Amino acid sequence: MMAKAAELKEKIAKKALGNLDWPALKHHLDEIVLDEDKFGALLGHIRRTNSLIMAYPNDKREKQREEFLDSLQGYAHAKLGQSALQLAQETNVLNKIERGYRSILEWLEQCDISKFPADVRVAASIGRAARQCELVTRSFHDALKARKEIGLPGFLLSGENHVPFSPDGAITAIVECLSMTLVMEAYKNKWFDAERDVVLPTLPTVGDQERYKAGSTELLAQCWRRWRRMEQRRRFRGGELKEMSRPDLPDGIPSTIEHLIIYDPPKTEIFDYVANERLNDRLGQTLMEMLVETNLREKASGIEEKVGLPPVGIISAEEGHSGVSLSEIVNYSIVDDWERPGGLRLLEWIRAYCVLQQLARNRASRDNSSGNLVFVVAREELISVLKRCGLSQQSASRFVKAAALKESSADLFDSPLINMQDGLLVFGPALIAANPARVVLSIISQLGEPLARKGKAFEADILSFLKEEGFQAQTFKVKRDGEEYEYDVVLCWGDYIFIFECKNHSLSNHHPIQAYYFELEMRSSAKQVMRLADALRRYPDILSQKMRVDVTTKTVVPCVLNALPFSLPSPIDGVYFTDASVLKRFFQERYFHINRPYRIDENVQLLHRTALHSLWMGDQPTPEDYLKQLREPFQVNLMLAHTDLGSVPFPISSTELVVAGEFTRTEMSIDSYAGLVGASSASIREGQLAVAKEVKKLRAKAKQMRKRKPGRKV
């Protein structure tokens, strides 16, 4: 009997590719006997190896790469013949990507801002970004004041030529572009320390002229950001990359453009986009509800005096919200959690980011100038503030190190501290705009630190929830014919058996590489739950013993159940992909509502809810109702109805233009929501008007009470 051929080992292949170590890769390929399938897997690793693309010139490593790929090409041709040409196709794509980066760098060198000294360029870029953030924030608040009715999630501003844009998205773009500019300057000027942290020199004072000319840096950083996002999507998610040149360019292309690059993303990418937007909305909704239903702002103590970690105290409403939100996401109370991912407790991560956020907000309240939100603080002074706010010396020092901008940092949201020769530069606009819960999830993911408890905690939470709702649900582990089968949660309901494979993976935060690995996890989970479903059918005694249920009379429904809001409309190969928000919302509430908060008095708030859509056909939920939600999850359909695929062309040189498809949100309004569910928007507004009149009366009454009894809470 012939031995089974060995498979390509990902760890060995990745290490060899990262080190450009041909002897190590050749040794492994000799061991496994290279064939078409293994070569295809190797090509995938080559496509997704970031270090094979050198955005910045590196003559030594470029020569090593050329020799490595030439050796692999010759080896593959000797083993596989013409199939080896696929390697040339992959390297061609990598070379095109690299040329795009080099074109942007060359273009930047031609701009007026490049004639200034490096420290002036950096100071101008930082100052310009701060002003841009201030402008977007002011426009957002002005637009909110001008609105006649409270909108739903996804509020948009009107930009140039009345093109709508997301204020959160605009600030994110500004902050990410500045992050890239600083890292680019660090590369050019060798501003990295031994641990690859960015270290800026003392920055000079700059004026409007320098900030104006920094606009070209901002523009090209935006192009760099979009090119990087496009090429990562192409390498990790797929999609189609097309190129066109004159005279075959379509109508409407500027006459200066000689070359056009078009990227069409895979249609399935929309579901990753929807999941991340649902999470953002969920965090915003939780904050609104907490502000309405609790006195969070009154409980916040600020950072001027000594304050312990929760539950002893909170320094801001955002900290209270982030603690609750993160506890909901990981499915256990972070107050009681003593794990230290990245060296800090989750409570400490949130507290530290909220301290920085409060430092920036304190400065903003003293002076509305954008320049005041970018400031330098001594390292020891910041550590002292963190210690006053409940962190130990060790935890404070670890945080300051972890939150510093590095070569590998995602952006200034995660890494808002920039090392300087005379202290730490704090970019306040990123802190003020940040959601601390999302930032903590992101930085822990960047550090590669898994939260060991969250998987089992999620399973226990779902099992407890279903039992509290009165359902027959269990978790168990069995062995049959030498194989083990572990069932996270099995729900027997009516004529159906729902198998839930519970997963608590982080979402991508719109990052293509993280989205790729999340998709791999989902594929693996689908295989696991199908194996479990098949075992129940092959061994009917499992359920008869564990739950006294006859599986032969039931329909088995395999589901991958995510802790975070990732669901798919319709099953894939018989497996449903759903999430805890869809499941819990289905059982807890029959209706979806439009919520509108009102402030009656400083200490009294009211939340008006208008029911719009029923998840159940009758007064009680049925398995058939739930199956419909698995096939057509309302939360996903609502977001899909407010998501478009568009594109904003961007140049990578004076003669090259890129058009990359991007998913964007459209604004949710009473009209769009009502249209989706077949309700009357006029009736909704009529009801809200009636409530608004009553609110006006209540406010007047509260005002009278304050006059009669000053100092007394209403």
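Every value quoted in this text rests on a predicted model; they were computed, and no experiment measured them.
- Distance check: Glu407 CD to Leu182 CG gives 13.5 Å after rounding to the nearest 0.5 Å.
- Contact of the Ile513 side chain with the Asn50 side chain is registered, since non-hydrogen atoms from C-beta on lie closer than 4.5 Å.
- Between Ser506 and Leu564, the shortest heavy-atom distance links the atoms CA-CD1, 4.0 Å.
- Contact of the Leu391 side chain with the Leu344 side chain is registered, since non-hydrogen atoms from C-beta on lie closer than 4.5 Å.
- Here the shortest heavy-atom pairing between Phe427 and Val374 reads CD1-CG2, 3.8 Å.
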- Message: Is there a side chain to side chain contact (heavy atoms under 4.5 Å, CB included) between Leu405 and Leu417? Walk through the geometry before answering.
- Response: CA-CA 6 Å; Leu405 185 66; Leu417 303 177; over 6 Å; no

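- Counting heavy atoms from C-beta outward, Pro341 and Leu346 have side chains that approach closer than 4.5 Å.
- Side-chain contact check for Ser103 and Ser653: no donor-acceptor pair (N or O, by modelled atom type) lies under 3.5 Å.
- Tested against Arg128, the residues Lys213, Glu218, Glu210 include a single side chain to side chain contact (heavy atoms under 4.5 Å, CB included) partner, Glu218.
- Residues Leu260 and Glu243 are not in side-chain contact: their nearest non-hydrogen atoms beyond the backbone lie 4.5 Å or more apart.
- In this structure Phe663 satisfies the ring pair (Phe, Tyr, Trp, His ring centres under 6.0 Å) test with no other residue, sequence neighbours excluded.
- Taking OG of Ser654 as the reference point, atom CH2 of Trp107 lies at 6.5 Å (rounded to 0.5 Å).
- Partners of Tyr187 under the ring pair (Phe, Tyr, Trp, His ring centres under 6.0 Å) rule, at least two apart in sequence or in another chain, are Tyr56, Phe192.
- Side-chain atoms of Asp644 do not come within 3.5 Å of backbone N or O of Gly646 as any donor-acceptor pair.
- Under the side chain to side chain donor-acceptor pair (under 3.5 Å) criterion, Arg237 pairs with Glu519, sequence neighbours left out.
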- Message: As a quick check of understanding, evaluate salt bridge (Lys or Arg N to Asp or Glu O under 4.0 Å) for Arg282 and Glu277, giving each step before the final call.
- Response: CA-CA 8 Å; Arg282 169 178 155 185; Glu277 290 301 300; over 6 Å; no

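- Applying the salt bridge (Lys or Arg N to Asp or Glu O under 4.0 Å) test to pairs two or more places apart or on separate chains, those with a residue in residues 348-360 are Glu319-Arg351, Arg340-Glu348.
- Val426 places none of its side-chain heavy atoms less than 4.5 Å from the side chain of Leu382.
- Remark: Lys387 pairs with no residue by the salt bridge (charged side-chain N to carboxylate O under 4.0 Å, His left out) rule, at least two apart or across chains.
- Every pair passing salt bridge (Lys or Arg N to Asp or Glu O under 4.0 Å) that includes a residue from residues 100-116 is listed here, sequence neighbours excluded: Glu62-Arg102, Glu98-Arg102, Glu109-Lys188, Asp112-Lys115.
- Shown here for Gly423 and Val376, the closest heavy-atom pair between the two residues is CA-CG1, 4.1 Å.
- To the nearest 0.5 angstrom, Leu108 atom CG is 6.5 Å from Ser216 atom OG.
- Of the inter-residue distances, the one linking Arg235 atom CZ with Arg48 atom CZ reads 9.5 Å to the nearest 0.5 angstrom.
- Contact between Ala352 and Leu386 at its shortest, heavy atoms only, is CA-CD2, 3.8 Å.
- At least one donor-acceptor pair closer than 3.5 Å links the side chain of Asn372 to the backbone N or O of Arg363.
- For the atom pair SG of Cys223 and CZ of Phe650, the computed distance is 6.5 Å after rounding to the nearest 0.5 Å.
- In this structure Tyr353 satisfies the ring pair (Phe, Tyr, Trp, His ring centres under 6.0 Å) test together with Phe399, sequence neighbours excluded.
- To the nearest 0.5 angstrom, Asp119 atom CG is 10.0 Å from Leu200 atom CG.
- Residues passing the salt bridge (charged side-chain N to carboxylate O under 4.0 Å, His left out) test with Arg211, sequence neighbours excluded: Asp208.
- At distances below 3.5 Å, at least one donor-acceptor pair connects side-chain atoms of Gln357 with backbone N or O atoms of Leu431.
- Of the possible polar contacts, one joining the Thr666 side chain to the His642 backbone as a donor-acceptor pair under 3.5 Å is found.
- For the pair Glu231/Lys96, no side-chain contact is recorded, criterion being any heavy-atom separation below 4.5 Å from C-beta on.
- Taking the ring pair (Phe, Tyr, Trp, His ring centres under 6.0 Å) definition, one finds that His510 meets it with Tyr273, sequence neighbours left out.
- Classification of the Tyr101-Trp224 ring pair by plane angle, with boundaries at 30° and 60°, yields tilted.
- No side-chain donor-acceptor contact under 3.5 Å links Ser114 to the backbone of Gln110.
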- Query: Yes or no on side chain to side chain contact (heavy atoms under 4.5 Å, CB included) for Lys406 and Lys401, after CA distance, side-chain angles and deciding distance?
  - Reply: CA-CA 10 Å; Lys406 304 170 181 58; Lys401 183 172 182 59; 5.6 Å; no

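- A distance-only check finds no donor-acceptor pair linking the side chain of Ser325 to the backbone of Ser322 [under 3.5 Å].
- A donor-acceptor contact shorter than 3.5 Å links the side chain of Ser125 to the backbone of Arg121.
- Scanning for side chain to side chain donor-acceptor pair (under 3.5 Å) contacts around Asn280 gives Arg438, with sequence neighbours left out.
- Ile261 has its side chain within reach of Ile652: a pair of non-hydrogen atoms, C-beta onward, lies under 4.5 Å apart.
- Listed for the Asn58 side chain is no donor-acceptor partner under 3.5 Å among the backbone atoms of Met54.
- Shown here for Phe413 and Ala433, the closest heavy-atom pair between the two residues is CE2-CB, 4.4 Å.
- No option in Gln358, Arg361, Glu134 other than Arg361 meets the side chain to side chain contact (heavy atoms under 4.5 Å, CB included) test with Ile432.
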- With side-chain hydrogen bond (donor to acceptor under 3.5 Å, both in side chains) as the test, would you mind laying out the steps for Ser395 and Ser392 before giving the verdict? CA-CA 5 Å; Ser395 293; Ser392 66; 3.2 Å; yes

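- Judged by distance alone, with hydrogens and angles left aside, the side-chain atoms of Arg65 form no donor-acceptor pair with the main-chain N or O of Leu20 at under 3.5 Å.
- With sequence neighbours left out, Lys242 forms a salt bridge (charged side-chain N to carboxylate O under 4.0 Å, His left out) with Asp264.
- Put simply, the side chain of Ile315 reaches to within 4.5 Å of the side chain of Val355, judged on heavy atoms.
- A donor-acceptor pair is defined here as one N or O able to donate and one able to accept, closer than 3.5 Å; such a pair exists between the side chain of Asp411 and the backbone of Asp414.
- At most 12 heavy atoms of other shown residues, nucleotides or ligands fall within 6.0 angstrom of atom CD in Glu305.
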N/O donor-acceptor pairs under 3.5 Å from side chains in residues 167-180, not counting sequence neighbours:
| residue | atom | partner | partner atom | Å |
| --- | --- | --- | --- | --- |
| Thr172 | OG1 | Asp168 | O | 2.8 |
| Glu176 | OE1 | Arg225 | NE | 2.4 |
| Glu176 | OE1 | Arg225 | NH2 | 3.2 |
| Ser179 | OG | Val175 | O | 2.7 |
| Ser179 | OG | Leu412 | N | 3.0 |

